Amino acid sequence: MTSFETVLPKLARVDEDAPVKGRTIERVRPAGKNLIIEFSGDLHLHTHMKMNGSWHIYRPGERWQRPRRDMRIVISTVDYVAVAFTVPVAEFHSSSSLARSDDLRRMGPDLLGKTFDRDEALRRIRARPGEEIANVLLNQRVLAGIGNIWKSETLFCAGVDPFTGVADLGDTKLERIVDCACKLLRHSVESRSTFAVYSRGGDPCRRCGTPIRYRKQGDDARGTYWCPKCQT
Ligand SMILES: [Zn+2]
């Protein structure tokens, strides 16, 4: 690393004590919507994107796609510049404090992880019989990796009404939901996708032509898109 810059006081203090600049980036790994960057010398940077945070990768000198005031962290190497914009969670850890971190420990099986524990994911979904399936899919402690887009897309793929309670879904349906999520997420990492329902409110369903519906759902009023005919 050729430089490390941050506007976050907590990170800046660690950087003053044990400079980040000059270390080697050994590994970058996602865990759901968490990102962990491992530096040489047992230093780990954990960030969580929540709704609005994002990491961008640029070439040195390239124009940023978000304003400078949104910048929280800049990591530079000779060839690349990684910028974290409005990340709400950013913490340095050692290996041992990272292993104790609540956010990460309590997280559900990671759909994009090297190994995905399907049975554990199904067990965690079934443990919430009174909740609507779309809300459960967004809960990172149940299943890590599904954001609002893939919530709608997964349920269209599985042919399940997003407002169905978990208790009303049989084993086959739940397995189908998890398998759809797995397939769609892995596919989305490899290619730019066109959506079946997400952001298509009022447009005809690609399968049956019925207008796609849109409604806010759950305590956070997250937008949900679905086909009332294909997802019953
Ligand atoms: Zn349809």
Side-chain angles (χ1 to χ4, degrees), residues 30-35 48-54 65 107-232:
K33 284 163 132 181
N34 297 280
L35 190 79
H48 190 292
M49 314 306 154
K50 301 256 175 191
M51 310 272 202
N52 299 316
S54 57
Q65 288 173 29
M107 226 169 49
D110 186 353
L111 282 156
L112 289 174
K114 278 205 188 76
T115 57
F116 169 64
D117 190 342
R118 184 173 179 262
D119 290 342
E120 177 62 13
L122 289 165
R123 195 190 64 72
R124 290 184 185 216
I125 295 174
R126 284 200 191 93
R128 298 174 174 270
E131 295 177 33
E132 293 172 356
I133 184 65
N135 294 334
V136 173
L137 290 184
L138 284 181
N139 187 335
Q140 302 297 303
R141 290 184 180 183
V142 173
L143 205 61
I146 301 185
N148 207 39
I149 295 174
W150 299 107
K151 170 195 83 179
S152 287
E153 293 293 302
T154 293
L155 291 172
F156 177 81
C157 162
V160 171
D161 183 310
F163 300 89
T164 313
V166 168
D168 295 328
L169 292 165
D171 285 356
T172 317
K173 272 290 180 199
L174 283 186
E175 282 164 20
R176 186 160 164 72
I177 291 166
V178 169
D179 292 345
C180 279
C182 223
K183 187 181 79 181
L184 290 172
L185 254 82
R186 284 173 191 270
H187 181 75
S188 82
V189 169
E190 289 154 17
S191 64
R192 283 221 167 267
S193 324
T194 50
F195 301 129
V197 290
Y198 183 79
S199 82
R200 297 193 61 242
D203 290 353
C205 171
R206 297 193 199 279
R207 196 181 287 157
C208 74
T210 305
I212 297 300
R213 292 183 61 184
Y214 168 80
R215 205 166 108 195
K216 293 193 184 300
Q217 181 176 15
D219 295 339
D220 296 330
R222 308 300 306 278
T224 295
Y225 297 85
W226 80 105
C227 169
K229 195 169 166 200
C230 293
Q231 294 172 258
T232 48

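Just follow the structure's listing: the first ligand is 1, and inside any ligand the first atom is 1. Everything numeric here is computed off the predicted structure, so don't read it as measured data.
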Thr164 and Lys173, any side-chain heavy atoms less than 4.5 Å apart: no
Check Arg124, Glu131, Arg123 against Val142 for a side-chain contact (heavy atoms from CB on, under 4.5 Å) and give me the one that passes. Arg124
Distance from Leu137 atom CG to Arg128 atom CZ, nearest 0.5 Å? 11.5 Å
Between SG on residue Cys180 and CH2 on residue Trp150, distance to nearest 0.5 Å: 11.5 Å
Tell me, which protein N/O/S atoms are under 2.8 Å away from the Zn ion (ligand 1)? Cys205 SG, Cys208 SG, Cys227 SG, Cys230 SG
Rounded to the nearest 0.5 angstrom, the CG-CG distance for Asp179 and Leu122 is 8.0 Å
Would you be so kind as to tabulate the donor-acceptor pairs closer than 3.5 Å made by side chains of residues 220-230, with sequence neighbours excluded?
unit_1	atom_1	unit_2	atom_2	d
Thr224	OG1	Lys151	NZ	2.7
Thr224	OG1	Gln217	OE1	2.8

